[in-house]
Each structure stands twice: as structure tokens, then as C-alpha cells.
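Each remark here refers to the structure printed beneath this line.
What you are looking at is a predicted structure, and each value in this text was computed from that prediction instead of being measured. The chains referred to below are lettered A, B, ... by the order of the sequence lines, with proteins before strands, and numbering in each begins at 1.
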Amino acid sequence: MITKQYTITSAQGLHARPATTLIRLVKNFKSIVNIQKGGKTVRLNSMINLLSLTIKGGETITITIDGEDEINAAEALDTFFAEELKNL
Amino acid sequence: MEKINGTGVSPGIAIGKAFVIKKAEAVVSGILLTDENEIITAVAGFNSAIHLAVAEIEAIIVNAKLSALEEELAILEAQIELIGDPQIAEDVLEKIQSERKTANDALIEVIADVVQVFESMEDEYMRARSTDIKDVGARILKHLNKQHNDTANFNPDTIIIADDISPSDTISMDIKHVIGFATRAGSKTSHAAIIAKAKGIPAVVGCGDGLMSIQNDDLVILDGLSGLVFINPAKEIIEDYRLKREVHRQQAEKLKALKNVPAVTPDGKKIMLSANISGADDMETVHDNGGDGVGLFRTELLFMDRDSFPTEEEQFEFYKQAALRSKNKPVIVRTIDIGGDKQLPYFNIPAELNPFLGYRAIRICLDRTDLFVTQLKAILRAAVFGDLRIMFPMISNIQEVRAAKNILEEAKKELLAENDPFKADIKVGIMIEIPSAAVTADILAKEVDFFSIGTNDLCQYTLAVDRMNEKISHLYDPFNPGVLRLISNVIEQGRKHHIHVGMCGEMAGDPLATLLLLGMGLEGFSMSAASIPAIKNIIINHSEADAKQVYQKVMAMDSSDEITAYLKALNK
């Protein structure tokens, strides 16, 4: 299992558009991916659950990735949070 | 006639006929499934409705790709994910299988629960998403009950009146004839607001129940700036608003035409036109007016209206929000500039005979280094989120610059020890607003990355004129040849030492001064965001070579009367 911490670099946080991209990105992998903010954890396959965390710009979140392709999934998530999110 | 007050979320004026959208309420049947076969059929029906709903949106996306707005496409893509959300499916199937509810009833209940969760959220943007979720529920339900689409066709100049407007509504509407929205519910982040702003049509939301008295074909006026809705208004009001609409249209066109035009003179000199702001909320107007960033971020707002100094965390949050919303354009943060005419209730500065010549700005910071370090640490940390730069106000000599920079290094050391991420190579500049600083610009230039000329204080200190004293206000004159010579010297020394020179006083936004300053070689003009298009219009229409001639002529004149008369004649 891989655990990662990311800071949200987009002003609006994980609103509908980046949330859609993130959910779709995770779907490409077999690993189970969970996202945690402030003690609440949800699986990263549900928009409703992701939006209900209300992740805002500047906040820090923790992501855990567990499965056979977890290394590739973690790399994709690195790229998403470090580069793509700013432009969404 | 009736007048309703709502919240204006997209500016502009629309005068047209009302089209009222009424929605059929989803009804819970209360029927319970009797056997396994019915349960299997209900589950299959739900799954098939999900597939059909997704397919429908995918088809809309394909058809809409050419004409739809980017915002609309993003909303549709998000809807696909919401419709296929495993959490909704899991909860619906649970109700069908364990509670023996029909797919219709199960879905209505699940959506109602989710909507309630979102409606009770603190975050305004997320609260507004409850409309999207209702919309998703309605779409699945439509397929479940095999209803058909009713696409509305509108006459020209239609104003939509609705409880709230969902993405499905705007997608199925032939929106090209729609000239405005008014909704009973909603906020500035609701769908109607997003679409209206993207389309550049007015919208008023949160109008309350009074709105629902409007009938189809009533004459309606929307004022999207002040948030007013008029129902069947009198002739005079219609005339009045026709005029306002024309004025607004002309202004908006002018603004829009210049927004993405770079501020470059016809002979190729690039000028930075930025804005003066007091908080992150001002950032949107900066972008709307095509600003190249922020030349002066006043931080005093954060210190006023409270009873103690803000903590490092509070300050960090304040600067970070501005950084996040800056679109990576430079933001010059001025360190606290209290004293003089700006007093804090919790920070007692004993009465002084001459507060403008007294204990203020950098002088307080170099004395109360505890306060200064806190602010610098917060700015350094926030600079990770955008191109923040630091500017020290009220510098009168080089020792102050060195002392302030030493304290900045202290702040960095503390952050390093605390293991907090920060921007180590942050750019540092000073305000040139004291005559001694303007005269010794050659000395100061060696210590900093940029200058920003503060003409308001520079003018009052150079001319020995109290800005607040009405009896001598005629002497307060930035076109005084003495002030102009100081400004010119600062710009020249900046150029010689290869540092950027900007201006953030009133003069930077004064169209009368633009050519003169351009001729002096000023590279950055920072002003209230609304002034940017007018100044840009001057810059893109005058060459730097012409501006240099204006400057030379002005420097040969001996009085501000002559100078202003000449500049006024030029501007005609």
C-alpha cells in the first residue's frame, strides 16, 4: 500500500470539473484508492462522496493506493496533483 | 408594476418576455414489491435507466461539442459521473432488495438524502451542487418511467423565470434566444450564474417567492448588476432601462475588446498594467479587466476591524487565497502600512503632532520585529501558491532596506527550522514615496529587485502639503515639475541598474499622465482594476518614441499649469 499527501493547488479546490477528472483517472487502475481529509475517508470511485469532503484550494489531503498496479497509479496521481489540477 | 430584489450574479440589462419553467414533482408511490421476480425486474429497470441516462448525455455531448461552452461540457461530463455514481447505485439497490421498494421510490429517497447532505454544507459552491444532484435524479427517473424530453423553443428576447435552473434545463433549451435568467432560489455559484456569466447575459438569483407571480409573456426587466427584477414596469422605467442597456452594452464591448489585447505600444514596448487590491476577492475584477497581476496588495484590511493582531495562520490564509486566485501572475504584497491616517484599535500609537512624519509603516516593523517576522513568514509560506513578491513601504534610507532584508532572512531561518515550505528566492522591492529615497534611487537600486513609486505620499512629502488639509489642496499636484523630476530620476536609475520600476499611486491610473510616464520609461502601472482598459487604450495607440517627445517637452516647461494644459490638449 502506498500513502501520499498532496496540497490542492487550484483556487476552487476539488470542484466538479477536477473531481470528474480525478474519478476517471482512478478508474484506469485496478488498485483501490481512498482519499482522506480531516479524519474522514472515502473511496475514490464516487463523485458524491468525493464532493461531500468539500476539498478546498490550499488544503492538504491524504491518498492511499492499494493493489497490483499501485506504483503506476501513484505516479498518475502525482502528475494530476502536481501539474494537471492547476489547469482544471 | 412590481419590483423584486434578488442577487445580481451576472451584469447587464435584459428587457423581454417571461417564460416560466414549472417542474413536475417526483412522487413516491409507496408500493412495495411482492416477490423475487419483481425485485429482479426493478433492479434491471434501474440499471437500464442508468445506462440510458448516461447514453443520453453522451449523445448531447457529441452534438454539443461544436456549439456548447466549455463550462457546459464540463458540467455534462460531471453529470455522467454522478449518474453512474456507485454510492447512489449501492443505496438504491439496497432499498430495492432489503426494503422491497420500487426503483422509482428508492431513487427518489436516495436522491433526497444526498440533496439534503449537500444543502446543509457550509461551503457555498457545494451547497449549490444540490441542484446538479436533483437534476441527475430527475434524469434517471425520466428514463425509469420512460418519459420523453420536452425541449422548449423560445421566441426571441425570452427571459427565463424558474425556481432554479439545472444543467439539463440549459442543455435542452434553445438558448440562443434567451437574454436573461431570474430564479427564485440559487446563489452566485449556482448553475444559472455560471452559464449566464459564460454567455454574457444578465442573471438575478435568490429572488424569493415573489418571482413566481410572474406569468408567461409578462414584460420583465432584469438588472443583473443591482439584482433587480421589474414585472410589467411603467413606460418611463422601460425607457430608462433601454438607455442603461445601451450604455452598458457599449462599455462591455469596449472592455471585452481590450481584455485580451496585450499592453504594447505600436513600436513594441511592453507595459505591465496591474491592479491595486485589498483582498483575494478583488482578484476576479483584475482578471476581468485584463490586468497583468497586482502591483499593490494592501494588507491593512486584514489588520482592521478586529481586536488583536492576526496570527501567522490567519495571515497565511489571507495571502494564500490571493496567490491561488492570481493565475500565476505577479502579486506585490506591501508589508503592513499602519500609522499616519491608518490606526488600529488594538495597537496604540501615542498621539503625535505629525503622524505622517511619525511612527508608521516600516518604522513600526523595524521596531516591533515580532509583528514583522509573523507577517513575513506568512507571505513567504503563501508564495508557494503563486508569484507573490514583498514590498517595504516608507523607506527613507539604505539602512532600513538592509535591516528589513535581514529580518526577512530571519523569517526564512525560522520557517526552515519549523520545516514549513516557503519560497526562498522571493523577490523584494521597496516603495519610493519619500523624497530622500527618490533622490538616492541609485544607491537603493543595488539592494532590491524592484521599485514601486507611490505618488500620493511622494507628492505630499515633496511639496510639504498635507493631503487631508482642504485649504491647501491646490498645492497637492503630481504635475509639479519638482515631483516629475523625482519620478524621472527613479525610473532612470532603475533602468541603469536593471531593476523593474512600477508606479502604484493615483497618478498611474490618471490618463493625463500616461504618455508622460511612458516617455520617462515607466514599465509598470498599477491602479484600480476598472481603470486598466482606459490606460491600455492610450498605450496601444501611442508609440514610445512619441511619448519620449512628450516627456522632453514637459521637462522643458516651468509650471504645472503649463504642463497640465499641454497634456489635456494632447488627450483630446
Side-chain angles (χ1 to χ4, degrees), chain A residues 4-62 67 78 80-88, chain B residues 70-71 73-91 110-111 113-115 117-118 120-130 132-133 136-137 167 189 191 194 280 283-284 287 316-328 381-382 384-386 421:
Chain A
K4 290 260 177 186
Q5 273 204 347
Y6 299 105
T7 302
I8 306 301
T9 50
S10 68
Q12 294 99 334
L14 282 186
H15 62 125
R17 187 193 305 228
T20 307
T21 313
L22 180 58
I23 294 276
R24 289 183 175 174
L25 180 131
V26 168
K27 271 190 193 167
N28 294 330
F29 299 96
K30 289 177 188 153
S31 296
I32 303 230
V33 182
N34 286 312
I35 182 165
Q36 187 192 338
K37 187 197 120 178
K40 202 177 156 196
T41 305
V42 300
R43 191 166 161 193
L44 250 183
N45 66 347
S46 158
M47 272 284 271
I48 301 244
N49 291 342
L50 176 57
L51 290 179
S52 68
L53 288 183
T54 319
I55 298 165
K56 296 178 190 169
E59 287 185 341
T60 305
I61 47 122
T62 306
D78 280 347
F80 174 82
F81 284 105
E83 290 158 30
E84 291 171 22
L85 182 56
K86 268 183 256 176
N87 305 319
L88 287 170
Chain B
E70 207 184 313
E71 285 83 356
L73 287 176
I75 286 163
L76 289 170
E77 297 285 355
Q79 287 234 329
I80 292 185
E81 290 312 310
L82 287 171
I83 291 172
D85 195 290
Q87 191 65 54
I88 292 183
E90 190 184 307
D91 294 349
V110 167
I111 293 292
D113 285 350
V114 178
V115 165
V117 168
F118 275 77
S120 62
M121 281 185 184
E122 264 176 50
D123 186 84
E124 192 189 350
Y125 172 84
M126 288 302 168
R127 219 164 39 230
R129 300 286 69 73
S130 57
D132 298 62
I133 293 165
V136 162
T189 50
H191 185 66
I194 294 169
M283 218 65 233
E284 201 176 337
H287 298 312
F316 168 61
E317 197 56 42
F318 187 74
Y319 309 136
K320 187 178 77 177
Q321 284 310 320
L324 283 168
R325 289 160 74 169
S326 66
K327 299 193 176 165
N328 274 325
R381 285 170 60 201
V384 171
F385 298 90

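- Interface remark: S52(A) contributes backbone and side-chain atoms alike to the contact with chain B (heavy atom separation under 4.5 Å).
- One N or O on the side chain of D85(B) and one on the backbone of M47(A) form a donor-acceptor pair closer than 3.5 Å.
- Interface remark: of the candidates I88(B), D123(B), V117(B), D123(B) forms the most heavy-atom pairs closer than 4.5 Å to chain A.
- Annotation: side chain of D91(B) is not in contact with side chain of V114(B) (no heavy-atom distance under 4.5 Å).
- Of the two parts of S10(A), only the backbone, made up of N, CA, C and O, holds a non-hydrogen atom closer than 4.5 Å to a non-hydrogen atom of chain B.
- Few gaps surround CD on E124(B); more than 12 heavy atoms of other groups in view lie less than 6.0 Å from it.
- Only the side chain of Q321(B) comes within contact range of chain A, with at least one heavy atom under 4.5 Å from a heavy atom of that chain.
- Using a distance-only test at 3.5 Å, with no hydrogens or angles considered, a donor-acceptor pair links the side chain of K37(A) to the main chain of T54(A).
- Using a 4.5 Å cut-off between heavy atoms, R24(A) contacts chain B through its side chain alone, with no backbone atom that close.
- Contact count versus chain A (heavy atoms, under 4.5 Å) is highest, among G84(B), A323(B), P86(B), A280(B), for P86(B).
- Residue I48(A) touches chain B through both its backbone and its side chain, counting heavy-atom pairs closer than 4.5 Å.
- The aromatic rings of F81(A) and Y6(A) lie parallel to each other, their planes meeting at an angle below 30°, with 60° marking the opposite boundary.
- Annotation: maximal heavy-atom pairing with chain A below 4.5 Å, among R325(B), E317(B), E122(B), M121(B), occurs at M121(B).
- Interface residue I133(B): only side-chain heavy atoms are found under 4.5 Å from chain A.
- In this structure, chain B has no heavy atom under 4.5 Å from any part of L50(A).
- For the pair K320(B) (side chain) and G58(A) (backbone), a donor-acceptor distance under 3.5 Å is present.
- I23(A) has its side chain within reach of L44(A): a pair of non-hydrogen atoms, C-beta onward, lies under 4.5 Å apart.
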